[in-house]
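Numbering of ligands and ligand atoms starts at 1, following listing order. Please read all numbers here as calculations on a predicted model, not as lab measurements.
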Amino acid sequence: MKILWMYHNLMDLYGDKGNIMVLKTRCEKRGIPCEITTCTIGDQVDIDDYDLFFLGGGADHEQSLIFEDLLKRKENILKAYENKTSFLLICGGYQLFGAYYLDQDGNKIEGLNIFPYYTESSDRDHRCIGNIALEVSIDQETFKAVGFENHGGQTKNVATPLGKVLYGHGNTFDGGYEGFVNEQVIATYMHGPLLPKNPRIADIVIKRALAKRSSDITLEPLDDTLELKAQEVMLKRLKVSI
Ligand code: GLN
């Protein structure tokens, strides 16, 4: 599995790199070779060579540093998308695949406009911060997931959210839905604990990525006792049924 880790040195909040570590570990435990390539501003890379495009979250400052470089790659991103590369986008990365992000100071950061959602910041004193629990619906599976969010941006016009909010905020303060999903994209406000505490999502990401180059993918089950225990602790703390 070939992962392209975009702006690894700039877009990496709240343990987002843990998601990469989980993907590598879960592949290696199954004997699937996993190659990770980093790409930052100005680096030459053909995104279509990769099975998975990963972009983490970032503060407004980092988003304003990377967005022009990201926009230059739009054609390449669309080519990769057409050829079945899959995408995992976290928070600031999620926002930048929409039409735009209006930051707290009123600066408009142009997005790739690949999907019709858009994000506008709430005022300085109001951010969606804290633990979050969802009921995720993805690839014909429905299950609970836990994570951590910290964003001012309120994302609207999301036609197909990743899940229903059981605790926390999600796309907006109280809209009740979180993230965006389609057959190739998982975009979410949940940061670094996303894959470590949600092994089902991790395996969906792996399956989708491998689907770029193979039509028959069955993943050998792993022992997820610890991961599920960590998830259970959080669900209990948030008083969400398991
Ligand atoms: N800067 C964006 C916001 O506050 C994204 C933050 C993040 O990636 N955690 O909405």
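Checked by atom type and distance alone, the side chain of Glu28 never pairs as donor or acceptor with a backbone atom of Arg26 at under 3.5 Å.
Ionic pairing of Asp12 and Lys17 is present here: one or more N-O contacts between side-chain nitrogen and carboxylate oxygen are shorter than 4.0 angstrom. A salt bridge links Asp139 to Arg208: at least one charged side-chain nitrogen sits closer than 4.0 Å to a carboxylate oxygen.
Annotation: Tyr81 is not in aromatic contact with Phe53 [ring centroid separation under 6.0 Å not met]. Aromatic ring centres of Phe97 and Phe180 lie farther apart than the 6.0 Å criterion allows.
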Distance-only donor-acceptor hits, side chain of residues 172-179, under 3.5 Å, sequence neighbours excluded:
| from | atom 1 | to | atom 2 | distance (Å) |
| --- | --- | --- | --- | --- |
| Thr172 | OG1 | Gly175 | N | 3.0 |
| Glu178 | OE1 | Thr188 | OG1 | 2.9 |
| Glu178 | OE2 | Thr188 | OG1 | 3.2 |
| Glu178 | OE2 | Tyr189 | N | 2.5 |

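The contact shell of ligand 1, taken as protein residues with any non-hydrogen atom closer than 4.0 angstrom, comprises Leu13, Gly57, Gly58, Ala59, Asp60, Gln63, Cys91, Gly92, Gln95, Tyr101, Arg127, Asn150, His151, Gly152, Gly153, His191.
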